[in-house]
Colleague: 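Please read through the structure below; I'll follow up with questions.
Computed over heavy atoms, backbone and side chain alike; hydrogens, waters and symmetry mates excluded. Computed from a prediction, not measured in an experiment: that's the story for all the values here. All ligand and atom numbering here is 1-based and tracks the order in the structure.
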Amino acid sequence: MNENPIKEVRLTPIRNGTVIDHIACGQALNVIKILGINETNIGSSISIGIHVSSKALGWKDIIKIEDREIDEKKSEQIALVAPDATISIVRDFYVAKKYKVDLGEHIVGLTRCTNLNCITNKGEPVLPEFSVESKYPVQLRCCYCGKLVNNISDNLL
Ligand SMILES: Nc1ncnc2c1ncn2[C@@H]1O[C@H](COP(=O)(O)OP(=O)(O)OP(=O)(O)O)[C@@H](O)[C@H]1O
Ligand SMILES: [Mg+2]
Ligand SMILES: [Zn+2]
């Protein structure tokens, strides 16, 4: 047995970029989806920790993105699947800015309406659009059909 077991998983430090910490366990890949990161547009290294132990949350996910500072619009959207996430902007190895995500009032695109008869599910050129009905838990009201949508992470576009 190791006498000094490692207490905490640490991902590689980054010089510049963004750390998205305190992501609800299992939601890191959905956060990546919301950020719109895919094989065609990755421009720098990304480290993803899934099911990492956390004193505050028990278990959490964490993402470190090099050389990209995520904007306010994206951080509002991250709250859809990770309402307790913290965003830290790292510059020259230090945290230059840090804030908690906060869901915006209005969500356009990103997630489907769960009403199959909704105009947004009929192949028409309309993006799904929702007003935020509640933040904890996240509940969205479809602006087209009025349906209340709450299982967001199962319905991401
Ligand atoms: N240079 C860096 N490279 C990679 N990750 C970093 C760097 N600096 C800070 N972090 C990470 O950014 C997050 C915020 O940093 P901070 O120093 O505020 O951590 P903390 O004291 O653990 O804060 P919290 O109370 O939010 O958990 C943490 O997850 C930390 O591990
Ligand atoms: Mg911490
Ligand atoms: Zn609808």
Colleague: Please walk me through it: do K60 and H51 pass side chain to side chain contact (heavy atoms under 4.5 Å, CB included)?
Modeller: CA-CA 5 Å; K60 67 176 181 184; H51 201 269; over 6 Å; no
Colleague: Report the distance from atom CD1 of I20 to atom CG of D61, rounding to the nearest 0.5 Å.
Modeller: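 I20 CD1 to D61 CG: 11.0 Å, rounded to 0.5 Å.
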Colleague: Where does I14 meet ligand 1, judged by heavy-atom distances below 4.0 Å: at the side chain, the backbone, both, or neither?
Modeller: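 Answer for I14: both.
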Colleague: Going by distance alone, is a donor N or O of one side chain under 3.5 Å from an acceptor N or O of the other, for H106 and S131?
Modeller: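 There is no such pair between these side chains.
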Colleague: Report the part of R15 in contact with ligand 1, treating N, CA, C, O as backbone and CB onward as side chain, heavy atoms under 4.0 Å; options are side chain, backbone, both, neither.
Modeller: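 Contact part for R15 vs ligand 1: neither.
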Colleague: Quick one: does F93 get an N or O within less than 3.5 Å of an N or O on ligand 1?
Modeller: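 Yes; at least one N/O pair falls below 3.5 Å.
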Colleague: Kindly compute the distance separating OG (S153) from CG (L29), expressed to the nearest 0.5 Å.
Modeller: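 Reported to 0.5 Å precision, the distance equals 11.5 Å.
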Colleague: Can you spot which of I63, N30, T86 makes a side chain to side chain contact (heavy atoms under 4.5 Å, CB included) with I23?
Modeller: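 The residue from I63, N30, T86 that satisfies side chain to side chain contact (heavy atoms under 4.5 Å, CB included) with I23 turns out to be I63.
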Colleague: Could you tell me which atoms of ligand 1, counted from 1 in the order shown, lie closer than 4.0 angstrom to a heavy atom of D21?
Modeller: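 Going through ligand 1 atom by atom, the ones under 4.0 Å from D21 are 28 (C), 29 (O).
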Colleague: Can you sort out which atoms of ligand 1 are near I62, meaning under 4.0 Å from one of its heavy atoms?
Modeller: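 Under 4.0 Å from I62, ligand 1 has these atoms: 29 (O).
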Colleague: Return the option from T18, V95, I20, D92 holding the heavy atom at the smallest distance from atom 9 (C) of ligand 1.
Modeller: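 Considering heavy atoms of T18, V95, I20, D92, the nearest to atom 9 (C) of ligand 1 sits in V95.
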Colleague: For H22, state whether at least one heavy atom is located under 4.0 Å from any atom of ligand 1.
Modeller: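 Yes, H22 has heavy atoms under 4.0 Å from ligand 1.
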Colleague: Give, rounded to 10 degrees, the angle between SG (C113) and SG (C145) as seen from the Zn ion (ligand 3).
Modeller: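 That angle works out to 100° after rounding to 10°.
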Colleague: Is K98 close to ligand 1, meaning an N/O of one under 3.5 Å from an N/O of the other?
Modeller: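 Right, the criterion is met.
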Colleague: Please confirm if an N, O or S atom belonging to C118, backbone or side chain, lies less than 2.8 Å from the Zn ion (ligand 3).
Modeller: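 Yes, since at least one N, O or S atom of C118 sits under 2.8 Å from the Zn ion (ligand 3).
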